[in-house]
Colleague: 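Dropping a structure here in structure tokens format, bear with me for questions.
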Amino acid sequence: MLPIDAAAHSSRWRGRHPVDKAVLGLGLTVLAISLPAWPGAALVLVTALAVLLGPAGVPRRRLWRAYRVPLGFCVTGALPLLVRVGGPGGFLTAADGGPVRAAELLLRTSAASLGVLLFAFTTPMSDLLPRLARAGVPAPVVDVALVTYRMSFLLLDSVRRVRQAQAARLGLTTRAAVWRSLGGLGATAFVRAFDRAARLQSGLAGRGYDGTLRVLVPEARVSVSFTAASVALLAALAALTLVLKGPLS
């Protein structure tokens, strides 16, 4: 199980309906994209961090491990805005207003990532996907997502076991050995993935699979008070952004 999925299963908000958490987490993401980068995205970023570390109870170390990957993409996407290729100044020159645009993009994307992580850290996929069928998403689409979700963990487990076996057999001692082990790892994982998929298909057929995977989900109701508080928080962030931006502009 991935750390973020384990955190979602043990979250303080595990018992809440996914709609409650979607209004808050995805609402923050929408605000980060639509509001002015300063101070809107900055306020969203601070608010998302406060909710994650406070009421949601996400451990700091686990949050950082999950956040550093999208943050790296955010930084990588903002860096090209600092330079301009071609032009009278030479092949590669500093872009006019590049630092401002790069900072705005970095604020928006990093804040939006935290909004998505807020939803991911509090909502297990096993609670979300079955409810999508009730919400009108076609059942085959949900079934493919459930199977893919399950198979991803099996594939990661196979990769981990093969990697441990290679390390125990001194397959990672030299650079050449590492490359040979990496090739063997890819081939073995590919074969095992197909083998597990065939066994899964046989198991489903033996249990009378009719095109729909029926799973039990914990009962939960949409909390009107929680949703209203989330909407109020989002509205307050939008209003505060407009108030702070007005005098500065």
Side-chain angles (χ1 to χ4, degrees), residues 1-14 18 25 48-49 52-53 56-79 106 109-110 112-130 132 140-207 209 213 215-217:
M1 182 176 291
L2 295 175
I4 191 170
D5 199 68
H9 279 278
S10 60
S11 171
R12 296 176 185 174
W13 290 354
R14 166 71 191 280
L49 273 178
L52 279 164
L53 301 177
V58 178
R60 296 182 180 182
R61 183 174 298 180
R62 186 169 290 179
L63 175 61
W64 169 245
R65 288 180 179 177
Y67 184 48
R68 62 186 178 183
V69 176
L71 183 61
F73 282 102
C74 296
V75 174
T76 304
L79 287 178
L106 183 59
T109 53
S110 57
S113 300
L114 280 178
V116 175
L117 285 178
L118 175 59
F119 182 74
F121 265 108
T122 55
T123 310
M125 294 296 291
S126 57
D127 291 352
L128 175 64
L129 291 177
L132 292 179
V141 176
V142 177
D143 291 346
V144 170
L146 282 170
V147 173
T148 304
Y149 177 70
R150 173 59 179 164
M151 289 298 296
S152 63
F153 287 105
L154 294 177
L155 180 61
L156 290 174
D157 181 67
S158 297
V159 170
R160 180 182 60 84
R161 290 176 181 271
V162 173
R163 196 68 171 172
Q164 288 178 345
Q166 290 176 341
R169 291 170 173 81
L170 303 180
L172 307 177
T173 53
T174 63
R175 181 175 298 181
V178 168
W179 282 108
R180 285 195 300 269
S181 298
L182 185 62
L185 174 64
T188 303
F190 182 79
V191 173
R192 287 194 177 188
F194 271 88
D195 178 64
R196 294 205 177 199
R199 285 188 288 169
L200 178 62
Q201 178 65 30
S202 300
L204 290 174
R207 291 168 174 81
Y209 177 66
L213 292 173
V215 297
L216 295 176
V217 295

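Keep in mind that what you see is a predicted model, and the values were worked out from it rather than measured.
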Colleague: Considering non-hydrogen atoms only, spot the tightest contact between Ser110 and Cys74 and give its length.
Modeller: N-SG, 3.8 Å
Colleague: Listed by chain and number, what are the side chain to side chain contact (heavy atoms under 4.5 Å, CB included) partners of Ala168, not counting sequence neighbours?
Modeller: none
Colleague: Which heavy-atom pair separates Leu53 from Arg60 by the least distance, and what is that distance?
Modeller: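 Smallest heavy-atom distance, with atoms named: CD2-CG, 3.7 Å.
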Colleague: Hey, does the side chain of Ser11 reach the backbone of Ala7 with a donor-acceptor pair shorter than 3.5 angstrom?
Modeller: no
Colleague: Sequence neighbours left out, what passes side-chain hydrogen bond (donor to acceptor under 3.5 Å, both in side chains) with Arg175? Give chain and number order.
Modeller: none
Colleague: Return the set of residues passing side chain to side chain contact (heavy atoms under 4.5 Å, CB included) with Leu49 (not counting sequence neighbours), or none when no residue passes.
Modeller: Leu45, Leu63, Leu114
Colleague: Considering non-hydrogen atoms only, spot the tightest contact between Ala8 and Arg14 and give its length.
Modeller: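 Closest approach of Ala8 to Arg14, heavy atoms only: O-CD, 3.8 Å.
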Colleague: What's the shortest heavy-atom distance between Ala56 and Trp13, and which atoms?
Modeller: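 Scanning both residues, the minimum pair turns out to be N-CZ2, 4.0 Å.
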Colleague: Please evaluate residues Leu71 and Trp64 with respect to the criterion side chain to side chain contact (heavy atoms under 4.5 Å, CB included), reporting the C-alpha separation (whole Å), side-chain torsions for both, the decisive distance (0.1 Å), and the verdict.
Modeller: CA-CA 10 Å; Leu71 183 61; Trp64 169 245; 4.0 Å; yes
Colleague: Could you list the residues that satisfy side chain to side chain contact (heavy atoms under 4.5 Å, CB included) with Arg180, not counting sequence neighbours?
Modeller: Ala176, Ala177
Colleague: State which residues pass side-chain hydrogen bond (donor to acceptor under 3.5 Å, both in side chains) with Arg161; sequence neighbours excluded, sorted by chain then number.
Modeller: Asp157
Colleague: Whether the side chain of Arg169 engages the backbone of Ala165 through a donor-acceptor N/O pair (distance < 3.5 Å, no angle test) should be reported.
Modeller: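 Yes; judged by distance alone, with no hydrogens or angles, the pair exists.
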Colleague: Restricting to non-hydrogen atoms, name the atom on Leu128 and the atom on Pro18 that form the minimum distance, rounded to 0.1 Å.
Modeller: CD1-CB, 4.1 Å
Colleague: Show the nearest heavy-atom pair for residues Leu106 and Ala78, with the distance to one decimal.
Modeller: CB-CB, 4.3 Å
Colleague: Listed by chain and number, what are the side chain to side chain contact (heavy atoms under 4.5 Å, CB included) partners of Ala112, not counting sequence neighbours?
Modeller: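 Once residues adjacent in sequence are excluded, the partners of Ala112 under the side chain to side chain contact (heavy atoms under 4.5 Å, CB included) criterion are Thr29, Ala32, Ile33.
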Colleague: Counting only heavy atoms not in Arg199, do more than 12 sit closer than 6.0 Å to its CZ atom?
Modeller: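 It does: Arg199 CZ has more than 12 such atoms within range.
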